[in-house]
Amino acid sequence: WLSLDPAYPDERLELMLREATPPLIITSSELGARASILYPGARILSWVPVTTHPPPPLNLVPTNPWRPCCLFFTSGSTGRPKSAVHTHANILFDIRRQTRDLAITSGDRFDLLFSASFSAFLSPVFGALLTGASVHLWPLFMRSMADLRDWLEDTQITVSTMSVSSFRRLAATPIRHGFEHLRILSMGAEPLVPADYEAFSRRFPPRCILQNALATTETRTIAQECH
């Protein structure tokens, strides 16, 4: 699959669709017309939430672990955005490493602050799906950092993943909560500096572990350091 963020400009979405050449686009009825204009060659399927009946049982089909599973595009910061294909095995390996290193259990509660078009989306979603944990979505760019601060506490998030820039904005909000439920704060996308470690030590409980992760769209996690 390829996730398309409707907040992206049409030019970027067209580039992604031309390279991926999907036969089918699943979208909402509100976005169906836009999808057909962006890529006329695909069949458009509009989905509607199922609210009155339980969903049908899953029909799980065995697949080759080395077959492509999903496609992501780089940010394009070094030029034209490039596509990167992840196999089922690649995702399973990365999530197994995450589950082992961070001691993820079914009692954990992940936040999801990233767009589904960003490869960092994989960690909280599959980290929850493959362990029985839960994942909770938050519209980061539509709400204030004070709202995020309160939501993290109210939702009792135990594993949070965010960019360094988002962390700095969060750390600058007035202290109202101790984030007592949070046990892992994973940061990446930018370099951490000593002032970030100091802010983390001031704002988060001693039991909370800071994970500094280095990852790319093409490879996912390359290296990590925990404090």
Side-chain angles (χ1 to χ4, degrees), residues 1-8 12 70 72-77 81 84 86 91 94-95 97-99 101-102 104-105 107-131 133-193 196-197 199-200 203-205 208-217 219-222 224-227:
W1 85 87
L2 164 67
S3 296
L4 300 170
D5 189 336
Y8 283 179
R12 180 177 175 91
C70 55
F72 289 95
F73 280 77
T74 62
S75 65
S77 57
H86 289 275
I91 294 175
D94 194 45
I95 299 303
R97 175 207 53 78
Q98 170 183 270
T99 301
D101 293 351
L102 304 183
I104 302 299
T105 71
D108 276 307
R109 301 169 66 87
F110 287 84
D111 63 7
L112 177 54
L113 309 181
F114 298 103
S115 162
S117 288
F118 188 40
S119 64
F121 158 92
L122 293 170
S123 292
V125 170
F126 283 99
L129 286 173
L130 296 175
T131 62
S134 59
V135 59
H136 305 264
L137 283 66
W138 178 256
L140 182 62
F141 296 105
M142 300 173 62
R143 303 289 293 273
S144 71
M145 278 294 154
D147 289 339
L148 172 62
R149 173 201 62 201
D150 296 341
W151 176 82
L152 288 170
E153 185 71 14
D154 294 342
T155 314
Q156 300 182 8
I157 297 298
T158 63
V159 182
S160 180
T161 304
M162 63 184 67
S163 67
V164 175
S165 292
S166 294
F167 164 77
R168 289 169 181 164
R169 293 168 58 204
L170 176 65
T173 62
I175 297 177
R176 290 187 179 177
H177 304 292
F179 301 110
E180 293 302 323
H181 300 283
L182 192 66
R183 66 179 194 84
I184 303 289
L185 178 60
S186 179
M187 288 190 281
E190 304 159 68
L192 282 168
V193 298
D196 297 319
Y197 289 101
F200 170 79
R203 291 301 303 268
F204 294 89
C208 185
I209 296 174
L210 172 62
Q211 180 196 43
N212 183 15
L214 174 63
T216 68
T217 303
T219 63
R220 293 302 303 132
T221 305
I222 299 173
Q224 62 181 3
E225 184 175 344
C226 295
H227 300 269

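Numbers here are sequence positions counted from 1.
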* Evaluate the side-chain proximity of Ile157 to Trp151: yes if any heavy-atom separation is below 4.5 Å, no if none is. => yes
* To do: May I have the step-by-step check of side chain to side chain contact (heavy atoms under 4.5 Å, CB included) for Leu152 and Leu182, ending in yes or no?
  => CA-CA 8 Å; Leu152 288 170; Leu182 192 66; 5.8 Å; no
* Asked: Taking only residues two or more places apart in sequence or in another chain, which ones pass side-chain hydrogen bond (donor to acceptor under 3.5 Å, both in side chains) with Ser166?
  -> Ser163
* Structure fact -> For Thr221 and Arg97, the nearest pair of non-hydrogen atoms, with its separation, is OG1-NH2, 3.2 Å
* To do: Mind listing the closest non-hydrogen atom pair of Asp108 and Ile104 along with its distance?
  => OD2-CA, 3.4 Å
* Asked: Does Tyr197 reach the side chain of Asn212, with side-chain heavy atoms less than 4.5 Å apart?
  -> yes
* With the side chain counted from C-beta on, respond yes when Thr161 and Ser123 share a heavy-atom pair under 4.5 Å apart, and no when they do not. => no
* Asked: From Met145 CE over to Met162 CE, what is the distance, rounded to the nearest 0.5 angstrom?
  -> 7.0 Å
* **Ile184 versus Cys208, closest heavy-atom pair with distance** => N-SG, 4.1 Å
* **pair Thr217-Phe72: side-chain heavy atoms closer than 4.5 Å** => yes
* To do: Of all the heavy-atom pairs spanning Pro191 and Val164, show the shortest one and how long it is.
  => O-CG1, 4.0 Å
* Structure fact -> One should read off an interatomic distance between Leu210 CG and Leu192 CG, to the nearest 0.5 angstrom, of 6.0 Å
* His181 vs Thr155 side-chain heavy atoms within contact, under 4.5 Å -> no
* Find out whether Arg168 and Glu190 are in side-chain contact, i.e. whether some heavy atom of one side chain is under 4.5 Å from a heavy atom of the other. => yes
* Asked: Any side-chain heavy-atom pair from Thr173 and Arg203 closer than 4.5 angstrom?
  -> yes
* Asked: Of all residues at least two apart in sequence or in a different chain, which pass the salt bridge (Lys or Arg N to Asp or Glu O under 4.0 Å) check with Asp147?
  -> Arg143
* **CA sep, side-chain torsions, deciding dist, call: Gln211, Met187, side chain to side chain contact (heavy atoms under 4.5 Å, CB included)** => CA-CA 6 Å; Gln211 180 196 43; Met187 288 190 281; over 6 Å; no
* To do: Using a 4.5 Å cut-off on heavy atoms from C-beta on, say whether the side chain of Phe73 contacts that of Ser117.
  => no
* **side chain to side chain contact (heavy atoms under 4.5 Å, CB included) between Glu153 and Phe179, worked out** => CA-CA 6 Å; Glu153 185 71 14; Phe179 301 110; 4.1 Å; yes
* To do: Please report the closest heavy-atom contact between Ser134 and Ala128, naming both atoms and the distance.
  => C-CB, 3.9 Å
* Flag if over 12 foreign heavy atoms under 6.0 Å of CZ, Arg12 -> yes
* Structure fact -> Closest non-hydrogen atoms of Ile209 and Phe200, given as atom of the first, atom of the second and distance, are C-CZ, 4.0 Å
